[in-house]
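Lettering of chains follows the sequences in order, A, B, ..., and the numbering in each one begins at 1.
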There are 2 protein chains.
Amino acid sequence: MITFTSQSYIMGVTKRFIFPESINQIASFAKVFAHPARVAILKYISEQEGCICNDLVDEIGLSQATISQHLAVIGDTGLLKGTFEGKKKYYCLNIERFQEVQLLLNSFFNKTTSNCC
Amino acid sequence: MITFTSQSYIMGVTKRFIFPESINQIASFAKVFAHPARVAILKYISEQEGCICNDLVDEIGLSQATISQHLAVIGDTGLLKGTFEGKKKYYCLNIERFQEVQLLLNSFFNKTTSNCC
DNA sequence: TCGTAATATTGCAATATTACGATAATATAT
DNA sequence: ATATATTATCGTAATATTGCAATATTACGA
C-alpha cells in the first residue's frame, strides 16, 4: 500500500501503481511502438533475410549509440533475439513474443470497440 | 529540407523528419496507448452505456487537470467524440476512427511478423 | 445577478526520453 | 601484440511528458 503525504509527493511521474497490471502491460507494450526509430528498426529487421545488426545505423541515420539504446528498449520487452557471429550481432524478431504482444493489444482494441456506446 | 550544423544541433528531440510519414503515423497512434491513464480512460469510456465525463476523475484517481490533459491527447488523434449537455460533456469513442487506427497498427504488425527470418 | 458545477487552460515542478560523443569491451585479422 | 571492427555503456545536454494547484470559462439554477 503506497500513500503520499503532501511532503513526499513526487510530480511528473507516471503513477503506475494506481492501475491494474493488465492496463500497465498494454501501455508498456504500446510504448515500444511509440517512437518512429523503433518502428523503423522493427520494420527493417523483419525485412532482411539474414537479419541485421549495425546497418541500422546507416539505414536509419541515427548514431550507433542511439540505435543501440532503441534496440535495448525493444529487447527489454522480449521482442528480439540476438546472436553473435564473430564481431557481428545478428538481430532477429522473437516472433512468438511479437505475436503474443499483438494478440494482447488486439484483445484490448476489440473489447474497447465492442463495448462502446 | 532541414539540415543541422554542428552548432545548431539540438539534442533530445525525436528526429521525426528522417522517417517516412507512414512510420511516424504508427508511432503517433501507439503513443496514445503508451500511458496507463489513457488506456484506462479508453477502457472506461467504452464500458459505460451513456458514455461518461468527469467520473473518470473519481474512477481513476488522478486530478481533474490531469484527466483533462489525457483526454486532449486521445482526442487529438480523433479517437473521441464529445457532446455537451448542459454543464456536462459526454465522451464517447469515435469507433470509425478507432477501427482505422487498429487496422493500421495491425497491418504493420502483420507485415512485420510475416517477413521475418 | 450570483453562486455552483463541470471542464479547460496555465504555470510550474519533477521525472522520463531522446540523442550524441567518448569510452569500454569483445572478437577478428595482420 | 596491435590494429580494426562491432556493439554496449556512461555521461551529458536538451526537450518531452506527467501531474497538480490555481485560475479561467461556460452553463445552469435559485
Between [N] atom [atom2] and [X] atom [atom1], what is the distance in whole Å?
X	N	atom1	atom2	value
A:Ile41	C:dT18	CD1	P	11 Å
B:Ile67	C:dA8	CD1	C1'	14 Å
B:Ile74	D:dT17	CD1	P	15 Å
B:Leu62	D:dT18	CG	P	11 Å
A:Ile60	C:dT18	CD1	C1'	14 Å
B:Lys87	C:dA5	NZ	C1'	4 Å
B:Asp55	C:dA5	CG	C1'	13 Å
A:Arg16	C:dA16	CZ	C1'	9 Å

Think [X] has a side-chain N or O under 4.0 angstrom from the OP1 or OP2 of [N]?
X	N	result
B:His35	D:dG19	yes
B:Arg38	D:dT18	yes
A:His70	C:dT17	no
A:Lys31	C:dA16	no
A:Tyr90	D:dT6	no
B:Tyr91	C:dA6	no

What nucleotide, of [options], holds the atom closest to the side chain of [X]?
X	options	result
A:Ser63	D:dT18, C:dC20, C:dA27	C:dC20
A:Gln69	D:dT6, C:dT18, C:dA8	C:dT18
B:Gln64	C:dT9, C:dC20, D:dA16	C:dT9
A:Val13	C:dT15, D:dT18, D:dT9	C:dT15
B:Lys15	C:dA19, C:dT28, C:dA6	C:dA19

>> Please determine whether side-chain contact (heavy atoms from CB on, under 4.5 Å) holds for the pair B:Phe84 and B:Tyr90, giving the CA-CA distance in whole Å, both sets of side-chain angles, and the decisive distance to 0.1 Å.
In response: CA-CA 6 Å; B:Phe84 268 107; B:Tyr90 286 90; over 6 Å; no
> Donor-acceptor pair, A:Asn94 side chain versus A:Gly78 backbone, under 3.5 Å?
Replying inline: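 Yes, because the side chain of A:Asn94 sits within donor-acceptor range (under 3.5 Å) of the backbone of A:Gly78.
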> Would you say A:Arg38's side chain and A:Lys31's backbone share a donor-acceptor pair under 3.5 angstrom?
Replying inline: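 Flag set: sc A:Arg38 to bb A:Lys31 pair under 3.5 Å.
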> On DNA chain C, nearest-nucleotide positions of A:Glu85 versus A:Ala65: which is more 5'?
Replying inline: A:Ala65
>> On DNA chain C, compare the nucleotides closest to A:Phe84 and B:Ala72; which residue's is nearer the 5' end?
In response: B:Ala72
> Looking across every strand, which nucleic acid part, if any, lies under 4.0 Å from A:Thr66 by heavy atom: base, sugar-phosphate, or nothing?
Replying inline: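 Contact class for A:Thr66: base.
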>> Please give the stem ranges for DNA chain D, sorted by first residue number, where a stem is three or more consecutive Watson-Crick or G-U pairs and both donor-acceptor distances are under 3.5 Å.
In response: C:1-30 with D:1-30
>> Centre-to-centre under 6.0 Å for A:Phe33 and B:Phe109, is that the case here?
In response: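 That pair passes the under 6.0 Å test.
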